[in-house]
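All ligand and atom numbering here is 1-based and tracks the order in the structure.
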Amino acid sequence: MNIKIDGKTKVYGLLGNPIEHTKSPFIHNFLAKSLNHNQVYVPFKVAFNCLNEVIQGLYASDIQGLNVTVPFKESVIPYLKNIDEEARLIGAVNTLKRGDNGFIGYNTDVNGLYKALLSDNITINNQDVLIIGAGGAAKAATYLCAREQAKTITILNRTVKKAEDLAKSIQIIFPTISINAISIEDYYKLHNLKYLAIQTTPIGMSPKTNNIIIDDCEFYKQLHTAVDLIYKPSKTLFLQKAEENSAVISNGLKMLIFQAVLAYEIWHDINIDDKIIQSLLSTIEIGD
Ligand code: NAP
């Protein structure tokens, strides 16, 4: 992909550490080229104790917009001029838009996941949902499932206290949804229901593709749908086992694309044509 850079080229980027694996430059530069926007998107590997200086420096350098990834999605919040209501409720930001006197924070992970599920015809409303993991991605997934009125939400995590804290924080926002937390080791104590499971831990991600968060086949018999936020490999062992037990499966690639598209739309105040998104989906190469 050739990008023409001149004195008027606007600069966007991604803050994270580590950042070497990112696909975001490909996605955003693809969108810019498709829309004929004179801009470039680059990765910024941020030293762990320098986030404030980086944010101030990038704002002073006329950077137009940024994405934020691990480990800065929460710690970036104090350095923003303003924050969108949903991002404030979730307590995590993955998109910064240039405002008058500083950056404004947004969270496009929530609606990125929502759009990904919609495009795979996966329904949240009135479903019994399992969220596996209780980190940043689980926060977005749990908030989304509560907002879209899942019947029940059960968060399973290695560190049960983190699952309990997450359940409490989302329960305050959505008091009528039943949200519970259990240790991942207690998965066999789940009610005898059929679940939509959203796997949000990095277990099974390339290169450690032989790892799986729960190995027991009995667990997978309880899933009617399994979503894994991992996109490399395209079919984790978690998704393989779920599929073997007749569940509908979906990986994290569409979420990755949609959270980026939504960020791009926020920066430019536009709606991106579905044809461009489809062309991006068919062009991006992730590999296994
Ligand atoms: P995070 O905040 O670090 O959370 C990691 C979660 O995984 C925690 O709940 C942690 O449990 C659990 N975990 C980690 N190692 C474990 C192990 N050995 N055994 C059991 N549980 C373990 O990470 P994150 O930001 O939520 O990201 C998680 C995954 O989601 C990553 O693979 C990331 O690539 C993916 N993701 C994908 C997209 C997308 O667009 N597709 C977007 C966001 C994230 P403890 O609480 O016990 O430590």
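We find that Glu86 and Arg147 are joined by a salt bridge, their nearest charged nitrogen and carboxylate oxygen being less than 4.0 Å apart. Contact check on Lys254 versus Asp120 returns a salt bridge, with a Lys/Arg side-chain nitrogen under 4.0 Å from an Asp/Glu carboxylate oxygen. Ion pairing between a basic and an acidic side chain is recognised when a charged N comes within 4.0 Å of a carboxylate O; Lys161 and Asp165 show such pairing. The pair Lys73-Asp109 counts as a salt bridge, with a side-chain nitrogen and a carboxylate oxygen less than 4.0 angstrom apart. Here Lys221 pairs with Glu218 in a salt bridge; the nearest charged N to carboxylate O distance falls below 4.0 Å. A salt bridge links Asp62 and Arg98; the closest N-O separation between the charged side-chain nitrogens and carboxylate oxygens is under 4.0 Å.
Looking only at protein heavy atoms, the nearest one to atom 2 (O) of ligand 1 is Gly136 N, 3.0 Å. Looking only at heavy atoms of the protein, atom 26 (O) of ligand 1 is closest to Ala137 N, 2.8 Å. The protein heavy atom nearest to atom 4 (O) of ligand 1 is Gly135 CA, 3.4 Å.
Under 4.0 angstrom from ligand 1, the non-hydrogen atoms of Met205 all belong to its side chain. For Ile213, every heavy-atom contact with ligand 1 shorter than 4.0 Å involves the side chain, none the backbone. With a heavy-atom cut-off of 4.0 Å, Asn157 touches ligand 1 through its side chain alone. Counting heavy atoms under 4.0 Å from ligand 1, residue Thr200 touches it through the backbone alone. Contacts between Val70 and ligand 1, counted as non-hydrogen atom pairs separated by less than 4.0 Å, involve the side chain only.
For Phe219 and Tyr188, the distance between ring centers is not under 6.0 angstrom. If you look at Phe174 and Tyr143, their ring centroids are closer than 6.0 Å.
Compare Met255, Arg158, Lys161 by their heavy atoms: the one nearest to atom 21 (N) of ligand 1 is in Arg158. Relative to atom 45 (P) of ligand 1, the option among Leu253, Leu229, Asn251, Thr159 with the closest non-hydrogen atom is Thr159. Evaluated by nearest non-hydrogen atom to atom 5 (C) of ligand 1, the leading choice among Pro202, Ala163, Gly204, Ala92 is Pro202.
When distances from atom 48 (O) of ligand 1 to the protein are checked, a heavy atom turns up under 4.0 Å. Distance remark: protein heavy atom present below 4.0 angstrom from atom 39 (C) of ligand 1.
Residue Gly133 approaches ligand 1 through these ligand atoms, each under 4.0 Å from one of its heavy atoms: 9 (O). Every atom of ligand 1 is numbered from 1 in the order shown, and the set under 4.0 Å from a heavy atom of Ala134 is 9 (O).
Phe103 is not listed as a side-chain neighbour of Tyr79, based on a closest heavy-atom distance of 4.5 Å or more.
Between Ala138 and ligand 1, no pair of N/O atoms sits closer than 3.5 Å. Ligand 1 has an N or O atom lying under 3.5 Å from an N or O atom of Lys162, backbone or side chain.
Using modelled atom types, one finds no donor on one side chain facing an acceptor on the other under 3.5 Å when comparing Glu20 with Thr22.
Clustering ILVMFWY residues whenever any of their side-chain heavy atoms sit less than 4.5 angstrom apart, transitively, puts Val227 in a cluster other than the one holding Leu223.
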